[in-house]
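Chain A is the first sequence line, chain B the second, and so forth, proteins listed ahead of strands; every chain is numbered from 1.
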2 protein chains.
Amino acid sequence: MSPAGGGSGAAGRPKRPTMVDVAREAGVALRTVSRVVNDDPTVGPEYVAKVKAAIAALNFRPDERARQLRTGVTGTIGAAVRRIAEINPALAAIEQTARASGLTLLASSTDFDEARERDILLSMCRQRLDGIIVEPIGENHGYLEAELADGMPVVAMDRPMSGISVDCVMSDNAAGIGMAFHHLHQHGHRRVAYIGDSERVYSGRERAAAFRAALLAHGLPVDGLVHPGEITAERVGAALESVLSGPDPATALITGNTDTTLAVLRRLGPAAASRLGIVGFDEVPLADLLQPALTVVAQDTANIGRTAVELLRARIADPSRPAQRVVVPVAMRVRGSGEVAAPAASAVNAG
Amino acid sequence: MSPAGGGSGAAGRPKRPTMVDVAREAGVALRTVSRVVNDDPTVGPEYVAKVKAAIAALNFRPDERARQLRTGVTGTIGAAVRRIAEINPALAAIEQTARASGLTLLASSTDFDEARERDILLSMCRQRLDGIIVEPIGENHGYLEAELADGMPVVAMDRPMSGISVDCVMSDNAAGIGMAFHHLHQHGHRRVAYIGDSERVYSGRERAAAFRAALLAHGLPVDGLVHPGEITAERVGAALESVLSGPDPATALITGNTDTTLAVLRRLGPAAASRLGIVGFDEVPLADLLQPALTVVAQDTANIGRTAVELLRARIADPSRPAQRVVVPVAMRVRGSGEVAAPAASAVNAG
DNA sequence: CTGAAAGCGCTAACAC
DNA sequence: GTGTTAGCGCTTTCAG
C-alpha cells in the first residue's frame with residue numbers, strides 16, 4: 001500500500017528491486033527466483049510460495065533487457081514501413097500475426113526517405129531485433145550485407161530489395177493491371193490511359209510495364225497513354241490534361257496507386273468517374289462512400305502481412321534456407337467507377 | 001569484402017564480434033574501443049584510426065541491448081494507441097517528435113481491448129522503456145500504480161486515466177460540441193440530434209454532456225435527441241430511426257466521433273448531408289471528396305501528439321513534478337454538410 | 001590520455 | 001530437487 005518500497009521491515013529501498021533482493025527476502029537462492037519467474041515446474045511448491053510472496057512484497061518485476069542480453073533473443077521484430085499511423089492493413093496483419101506468435105512489434109516510418117530507412121534499419125540491427133520486415137524504398141541496400149551475413153533475418157514486403165538477396169512477399173502487379181485493363185476493355189473502352197508511380201520505384205515499373213503489355217496485347221497504340229512519374233497534384237494534373245484532350249481522348253483511366261487515385265479524383269472532382277471509367281490499383285479509404293463508388297484492384301494486404309511474418313519466422317528458425325519470393329494474387333472490387341460504358345463515338349478512327 | 005568474418009588473418013569467427021574482439025584486433029584496451037564507439041573526443045587520433053580500422057575489418061556493430069542494460073536508459077518510448085496502421089495524426093506527430101528528440105518509438109495497438117492494453121503496458125514496463133504514452137481504454141489502471149511509484153513516466157492522451165494520477169493531454173470536447181451546435185443553430189436548426197460514443201468512455205461522456213448543456217443553454221428540449229452508445233451499424237441505425245421519424249424529426253445531426261460519422265453516412269447514403277445538416281466531431285478521411293463535403297470539428301491532433309511527447313520528456317527529466325492536464329483547442333472545418341439550412345417548416349410547434 | 005577490473009540484472013552451466 | 005558461479009556485451013569507476 002505504501003507508495004514506494006516494500007513492507008519488509010527494512011528502510012525504504014531507493015531503487016527497483018532485483019532478483020537478488022527477492023532471493024534475500026525469500027531466503028532462497030537467486031537461481032530459484034529465476035525459476036519461479038520463468039514458471040519452471042521443477043520448483044518445490046513451498047519455495048514457489050515463498051518466492052511469490054517476496055515478489056509481491058517487494059513489487060518486483062523482472063527486467064526484460066537483462067533477460068534479452070543473456071538469452072540473446074529479444075522476442076521483438078521490427079517493421080520499417082512507409083507510414084505507420086496511416087491505413088495499412090498489411091501492417092495491421094503483421095502486428096496481429098506477430099502478437100499471435102508471441103512477438104512484440106517495433107514499427108517505424110521510413111516516410112519515403114531513403115536516409116531514414118537506413119537509420120531505422122541499422123538501428124534495428126544494433127538493437128539485435130529477432131528480425132526485420134521492410135517495405136523498401138531505397139535504391140541500394142548493400143549496407144545491410146554485413147548484417148545479413150551475421151544472420152540478421154530480413155524480409156521485404158511489396159517490393160524486392162536491391163543489391164541483396166532476401167525473402168520477399170508482394171502483390172501480383174502485372175496481373176492486377178491486366179485485370180483492370182481487361183475490365184475496362186470489356187466495357188467498351190479502347191482509349192485507356194494509365195497514370196501511376198514513378199518507374200524508379202519497382203512497383204511503378206512493374207505496373208507501367210504491365211499496362212504497356214496490355215495495350216500491345218490488345219493491338220492498341222501506346223502513344224501518350226502511359227504516365228508514370230512523381231505523385232504530385234501538378235504532375236498528375238498535367239498527365240490528365242494530356243490524356244483527356246486532343247482529338248482522341250482517353251475514355252477510361254487506370255490509376256497506379258492510392259495516392260494517384262486520390263490526386264485524380266481531387267483534380268477532376270469526385271463525380272468524374274460518372275463520365276470516365278476509372279479503376280484504381282490498391283484500395284482507397286471510403287471508396288464505397290464516393291459517388292460513384294470506386295472500382296479498384298485490391299491487394300490482399302492481410303495475406304501479405306501475414307506471409308511477411310511467416311517468412312520471417314521461417315528464416316529466424318533456419319537462417320540458411322534459400323530466399324523465397326511469394327507473389328500474392330489481387331482481386332477486382334467492382335463498385336461503379338469501372339463500369340461506366342465507353343461513349344459510342346469513341347471507336348478509334350472509325351471514319 | 002568477404003561475406004562473413006573479418007579479414008584479419010585468423011580463421012573465420014563463428015559469432016558476431018564484440019568489443020573485446022575489436023580491442024584485440026586493434027591492439028588497444030577495451031575501454032578505448034568503447035570511447036571511440038561513443039565518439040569520446042579524448043582519444044588520440046592514431047588510436048581512433050586503429051580502432052576504426054579494426055571495427056571495419058571485423059564488421060563490428062555494438063549491441064544496443066548491452067549498452068541499455070548498463071546505462072539504464074533505452075532511448076525508447078512506448079505508445080499504446082487504439083490502432084497503429086489506421087489514420088492517426090497524433091501518433092504520426094508522436095513519432096516525429098520522438099525522432100526529433102532522438103527517441104525511438106515503440107507503438108502497439110490496444111485494439112480497444114482492455115486486457116490487451118494491460119498486457120502492452122506491463123510489457124513496456126518490463127522492457128524498462130524510458131516512458132509510455134497511452135490512449136487509455138480500460139476502466140481501471142490501478143495495476144500501474146507500482147510502476148508509477150517506481151518512477152515509470154506515463155502520459156495519457158485523449159482521455160485521462162482512471163485510478164491513477166498521470167499527465168494528460170486532450171481535446172476541448174465541450175467547446176467542440178458547443179461550436180458544432182452553435183454552427184447548426186446559426187443555420188436555423190432547432191431540432192438537432194446527437195449520436196455518439198458510449199458514456200462509459202470518458203470522451204463520450206464529455207461530449208454527450210456538452211450536447212445536453214448546449215440544448216439547455218438554448219432553451220431547447222432534450223427529449224430523445226441524445227444518443228450515446230456502442231458504435232455499431234444497428235445501434236446507430238436505431239438512433240437515426242428514432243431522431244428522424246415522428247412528428248418533430250431532427251433537421252440536423254452532430255456525430256460524436258469518426259466511426260459514428262461514417263456509420264451514419266453508410267446508413268443514410270453519402271448524399272444524406274444534402275438534406276440534413278451534419279457536423280462530425282473529429283476529422284474523416286476524404287471528407288473533402290464526399291458530396292456534400294463533410295463539415296467537422298477537427299481536433300488539433302498534431303498538437304496533441306507533440307504535447308504528449310513533451311509532457312513525457314518533462315516527466316522523464318523530473319519524475320516528481322506534479323501531474324498536468326493540457327486541454328487543446330479544436331476548430332471547425334466548414335465544408336458543406338454543416339451549412340444546410342433548416343427547412344422553414346421545422347420551426348418547433350409553430351402551429 | 002590509456003589500461004585493468006567491476007558490475008548492469010538476468011540465465012544457465014555445473015556441482016551439491 | 002536447490003545453491004554457487006560464470007558470464008551475455010557493454011560502460012565506467014579507479015589507478016597508471
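Taking atom CE of Met19(B) as the reference point, atom P of dA6(C) lies 20 Å away to the nearest angstrom. As a whole-Å value, the separation of Asp63(B) CG from dT11(D) C1' is 13 Å. When the P atom of dG9(C) is taken as reference, atom CZ of Arg128(B) falls 9 Å away, rounded to whole Å. Gln127(A) has its CD atom 14 Å from the P atom of dC10(D), to the nearest Å. In this structure, Arg61(A) atom CZ and dC10(C) atom P are separated by 11 Å, rounded to whole Å. Counting to the nearest Å, the P atom of dT11(D) and the CG atom of Asp39(B) are 11 Å from each other.
With hydrogens and angles ignored, no donor-acceptor pair under 3.5 angstrom links the side chain of Arg65(B) to the base of dG9(D).
Side-chain atoms of Asp40(A) and Thr42(A) form a donor-acceptor pair, as typed in the model, at a separation below 3.5 Å. Using a 3.5 Å distance cut-off with no hydrogens or angles, the side chains of Asp130(B) and Thr74(B) do pair a donor with an acceptor. Donor-acceptor pairing under 3.5 Å is lacking for the side chains of Asn303(A) and Thr301(A).
Each of Pro41(B) and Leu69(B) was assigned the nucleotide of DNA chain C with the nearest heavy atom; the assignment lying further toward the 5' end belongs to Pro41(B).
Picking from dA12(C), dC10(D), dC10(C) the nucleotide with the shortest atom distance to the side chain of Thr71(A) gives dA12(C). Of the candidate nucleotides dG9(D), dC8(D), dT11(D), dC8(D) has the atom nearest to the side chain of Arg70(A). Of the listed nucleotides (dT11(C), dC10(D), dG9(C)), dT11(C) has the atom at the smallest distance from the side chain of Asn38(A).
A cation-pi arrangement is absent between Arg16(A) and Phe60(A), since the terminal nitrogen or guanidinium carbon is not both under 6.0 Å from the aromatic centre and inside a 45° cone about the axis.
Taking 4.0 Å as the cut-off between side-chain N and carboxylate O, Arg99(A) and Glu95(A) count as a salt-bridged pair. Salt bridge Arg24(A)/Asp21(A): present, at least one basic N to carboxylate O contact under 4.0 Å. Salt-bridge annotation for Lys50(A) and Glu25(A): absent, with no side-chain N of the basic residue lying under 4.0 Å from a carboxylate O of the acidic one. Ion pairing of Asp167(A) with Arg315(A) is present here, as a side-chain N (NZ or NE/NH1/NH2) and a carboxylate O approach within less than 4.0 Å.
Base engagement by Ser34(B) is indicated by at least one non-hydrogen atom pair under 4.0 Å involving a base atom.
Checked against salt bridge (Lys or Arg N to Asp or Glu O under 4.0 Å), Asp158(B) has the following partners two or more places apart in sequence or in another chain: Arg82(B).
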Look for any protein N or O under 3.5 Å of an N or O in nucleotides 2-4 of chain C and output each such pair with its distance, or none.
residue : atom : partner  : partner atom : Å
dT2(C)  : OP1  : Gly44(B) : N            : 3.1
dT2(C)  : OP2  : Thr42(B) : O            : 3.2
dT2(C)  : OP2  : Gly44(B) : N            : 3.2
dG3(C)  : OP2  : Ala29(B) : N            : 2.9
dG3(C)  : OP2  : Thr32(B) : OG1          : 2.8

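One end of the helix from dC1(C)-dG16(D) to dC16(C)-dG1(D) points its axis 40° away from the other end's axis, with each axis taken from 5 pairs and the angle rounded to 10°.
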